[in-house]
There are 2 protein chains.
Amino acid sequence: MPEDRAPTRIQKKNRAAILEAALNVFSTHGFRGATVDQIATEAGLSKPNLLYYYRSKDAIYAALLERLLDTWLDPLRAIDPNGNPLQELLSYIRRKLEMSRDYPRESRLFANEIIRGAPHIHAVLSADLKSLVDETAQLIRRWIAEGHIAEVNPYHLIFSIWSLTQHYADFDVQIRAVLGDAEPDPYPGASAYLDQLFTRLLTPQG
Amino acid sequence: MPEDRAPTRIQKKNRAAILEAALNVFSTHGFRGATVDQIATEAGLSKPNLLYYYRSKDAIYAALLERLLDTWLDPLRAIDPNGNPLQELLSYIRRKLEMSRDYPRESRLFANEIIRGAPHIHAVLSADLKSLVDETAQLIRRWIAEGHIAEVNPYHLIFSIWSLTQHYADFDVQIRAVLGDAEPDPYPGASAYLDQLFTRLLTPQG
DNA sequence: TCGTGATTTGACCATCTGGTCAAACTCACG
DNA sequence: CGTGAGTTTGACCAGATGGTCAAATCACGA
């Protein structure tokens, strides 16, 4: 398949179908647990046909990760340095929680990759992600210095936001098992709780 | 191998070596990504020899999970209903964070299992874990009613403790990548941050 | 309608993997 | 030191899996 020409209609359709199927399969079985056959079947293609569009299983996985990384970090970039600090952070938290609710497969895919030591995206974490977080940490430091929010470690603040929001996607099964049938949707409670938690943490002390 | 007799010296030694090796391999590669050969080699045995002690790959995994579940939940059981509420909860958080630091492989093993939908321990979650959490939630409700701690959703409080502490084990690579070489040990900062976070959240409002 | 490049597929291959088995070896104990 | 239970292993198997390839089929612009 020519890589240099503009993609044909069929190429667009099939590549999209493959990535969608791959997201399903990789996020539930992990890289190793996923099979090319399974992805091909789910995408409505034969295995050799799938391998016509992506050279190898690795290539599918890499393409998928790359395409999702930006989307995943968009909410962090959307924080407005000139907005109301507490509101900006609370909005960020809400957006991240909504992403856990609406895109749990993406969350689990990343969780999987990172638990395994981030073999495919370690470089991106140490470079792009680090500098993005460094910038945000600087912004938070400024907000603290200006007295808009309470004094907290900005890095651990960011880690805690990631942790608490993604937990609802990654550990969904456990959460539902513990809450039982009486509370089938954990997200309203989660949203209220996280609002309360971060408001109390970040509101400057009297 | 006779299962009914008391285990011999060799059986004890080899079973222990197998579970230790299995913890290593399963926690870094997941169930599917781990191979029996790899576990056997790491345990210093041949593959058929390993399968003499555990019938199958599944059996190793099941034995490992079972042996670890209790240990993993011990800190929750250790909360003293008659202690100082805030201190009991902060101690629980510290213990959980220490477990992430000292037993990251166990944490990742569970994370892996649950991300995949907890196929092997779903029943335990819905039964034993649920009732243990229900009890603790009752205790927290009592503490709130008595005015010892602020009003929070007890279930989401517990989820947040699990999330925040286990995050440091499961996402270790990401955390170290973001913090960079300047701060090689995330745990002191994490400990201080979590203390601050939960103290502010749980201290009753004036 | 034709020709060419894009797409699809059946057949195939090498390797890996979980698991089996009979035979060989080792250990503890009488 | 002999014996039987406990332990170890090399050889092997069947199925799964990632990937290849030549040939067949399809789509579309001239």
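Here is the naming used below: chain letters follow the sequence lines, and residue numbers restart at 1 for every chain. When reading the values below, keep in mind they use all heavy atoms of this one structure, side chains included, and skip hydrogens, waters and symmetry mates. Just so it is clear, the structure is predicted and the values come from calculations on it, not from any experiment.
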Return no unless some side-chain N or O of Arg9(A) is found under 4.0 Å from OP1 or OP2 of dC26(D).
no
Does the side chain of Tyr53(A) pick up a donor-acceptor pair with the side chain of Asn14(A) at under 3.5 Å?
yes
Is it true that Asp181(A) and Arg176(A) have a side-chain N and a carboxylate O under 4.0 angstrom from each other?
-> no
From NZ of Lys13(A) across to C1' of dT8(C) the rounded distance in Å is 12 Å
ask   = OP1 or OP2 of dT7(D) sitting under 4.0 Å from any side-chain N/O of Thr8(B)?
value = yes
Does dG10(D) have OP1 or OP2 sitting under 4.0 Å from an N or O in the side chain of Asn49(B)? no
note: Phe31(A), atom CZ; dG18(D), atom P; distance rounded to Å ~ 8 Å
Rounded to the nearest 0.5 Å, the CG atom of Leu139(B) sits from the CG atom of Asp134(B) at a distance of 12.5 Å
Between NZ of Lys12(A) and C1' of dA27(D) the distance, given in whole Å, is 16 Å
From NE2 of His29(A) across to C1' of dA16(D) the rounded distance in Å is 15 Å
Separation of dA6(C) atom P from Arg15(A) atom CZ, nearest Å, is 13 Å
- Task: Using a 4.0 Å heavy-atom cut-off across all strands, classify Ala59(A) as base, sugar-phosphate, or nothing.
- Result: nothing
Within the 4.0 Å heavy-atom criterion, would you say Leu51(B) contacts the bases, only the backbone, or no part of the nucleic acid? base
note: Ile18(A), atom CD1; dT7(C), atom P; distance rounded to Å ~ 11 Å
Worksheet item: For Tyr52(B) and dT8(D), is the shortest distance between a side-chain N/O and OP1 or OP2 below 4.0 Å?
Response: no
field: Phosphate OP1/OP2 of dA6(C): any Gln11(A) side-chain N/O under 4.0 Å
entry: no
When rounded to whole Å, the CD to C1' distance for the pair Gln38(A) and dA16(D) reads 12 Å
Checklist entry - Should Arg105(B) and Glu20(B) count as an ion pair when the cut-off is N to O under 4.0 Å? => result yes
Asp58(A) CG to dG18(D) C1', in whole Å, measures 11 Å
Whichever of Gly33(A) and Pro48(A) has the more 5' nearest nucleotide on DNA chain D, that residue is Gly33(A)
Is Ala40(B) touching bases, backbone alone, or none of the nucleic acid, heavy atoms closer than 4.0 Å? nothing
- Assign the ring pair Tyr61(B) / His120(B) to parallel, tilted or perpendicular, where the plane angle (0 to 90°) is split at 30° and 60°. perpendicular
(message) For a quick test of reading the model: is some side-chain N or O of Arg32(A) closer than 4.0 Å to OP1 or OP2 of dT17(C)?
(response) yes
Under 4.0 Å: is that the gap between some side-chain N or O of Ser46(A) and OP1 or OP2 of dT9(C)? yes
With the side chain defined as heavy atoms from C-beta on, Lys57(A) is closest, among dG19(D), dT17(D), dT9(C), to dG19(D)
